[in-house]
Every structure is written in structure tokens, then in C-alpha cells.
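Only one structure is covered here, and it is reproduced in the block below.
Nothing here was measured: the structure is a model prediction, and the numbers come from that model.
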Amino acid sequence: MARLLLRANFRRCLMICQSQTRMASDQLGELGGGAGKGGGGGGSVRQAGGAFGKRAVVEEERYFRKKEMELLEVLRRHHSEEIEHHKKEIERLQKEIDRHVGKIRKLKHDD
């Protein structure tokens with residue numbers, strides 16, 4: 001159940017990351033410098049340009065970098081948990097193999 005919730009949270013984080021990913025375009029011009037060639041400027045502060053527009057761009061980029069780092073940390077944690085789970089599973093299966101090998105030896109010895 002916990003793994004199911006973890007996977008659901010992981011998928012949700014990936015979806016958020018993908019939806020927030022933005023690609024810069026040549027049509028935007030200088031970010032924070034006012035409305036771009038394509039028409040949309042990204043909000044009234046950015047459309048106005050100047051120092052406030054550039055600051056808004058910096059704050060926005062900082063926000064997205066922080067979110068991306070948080071998502072990467074969630075991804076790292078998820079992979080670490082998966083690795084630990086698989087190591088435990090390998091140990092369990094190795095014990096099963098050893099048990100079966102012991103049974104075979106016993107059967108050969110009884111012959």
C-alpha cells in the first residue's frame with residue numbers, strides 16, 4: 001500500500017514538473033524587457049519591462065529551479081528506496097536458493 005502511494009506521489013511530481021517546464025523561445029526577446037515579438041509578455045510587471053520586469057524574471061527562474069531541485073530530491077529518494085527494496089528481495093531469494101540447495105544435498109546424501 002505504501003509503495004502504491006509512493007508511486008502515485010512520484011507520478012504526480014513528474015506531471016507537475018512536466019507541466020511547469022517552460023522552453024525559452026527566440027520570439028520572447030530579452031526576458032523581463034517588456035512584451036516580446038510574439039505578443040504575450042508573461043504578466044503586467046514583465047510587460048512593463050525595466051528593473052521590475054527583470055527582477056520578476058529572476059524570481060520566477062529561481063522558483064522553478066527550486067521546484068526542479070525538490071523534484072530531483074524526491075526522485076533520488078524514490079530510487080534509493082527502490083534499490084533497498086531490491087537488495088532485500090535478493091537476500092530473501094538467496095536464502096530460498098540456499099534452502100533448496102540444502103534439500104537437494106540431503107536427498108543426494110540419503111540415496
Separation of Asp110 CG from Lys108 NZ (nearest 0.5 Å): 12.5 Å
Inter-residue atom distance Arg105.CZ - Lys103.NZ, 0.5 Å rounding: 14.5 Å
Given Arg55, Lys54, Glu61, the one that forms side chain to side chain contact (heavy atoms under 4.5 Å, CB included) with Val57: Glu61
Other ILVMFWY residues reachable from Ile97 by side-chain steps of under 4.5 Å: Val101
Lys87: side-chain contact (heavy atoms from CB on, under 4.5 Å) partners, not counting sequence neighbours: Ile83, Glu84
Return a table of donor-acceptor pairs under 3.5 angstrom between the side chains of residues 88-96 and protein atoms on other chains or two or more places apart.
unit_1, atom_1, unit_2, atom_2, d
Glu89, OE2, Arg92, NH2, 2.6
Gln94, NE2, Asp98, OD1, 3.3
Glu96, OE1, Arg99, NH2, 2.9

Qualifying residues under salt bridge (Lys or Arg N to Asp or Glu O under 4.0 Å), relative to Arg76, sequence neighbours excluded: Glu73
Partners passing side-chain hydrogen bond (donor to acceptor under 3.5 Å, both in side chains) against Glu59 (at least two apart in sequence or in another chain): Arg62
Partners passing side-chain hydrogen bond (donor to acceptor under 3.5 Å, both in side chains) against Arg65 (at least two apart in sequence or in another chain): none
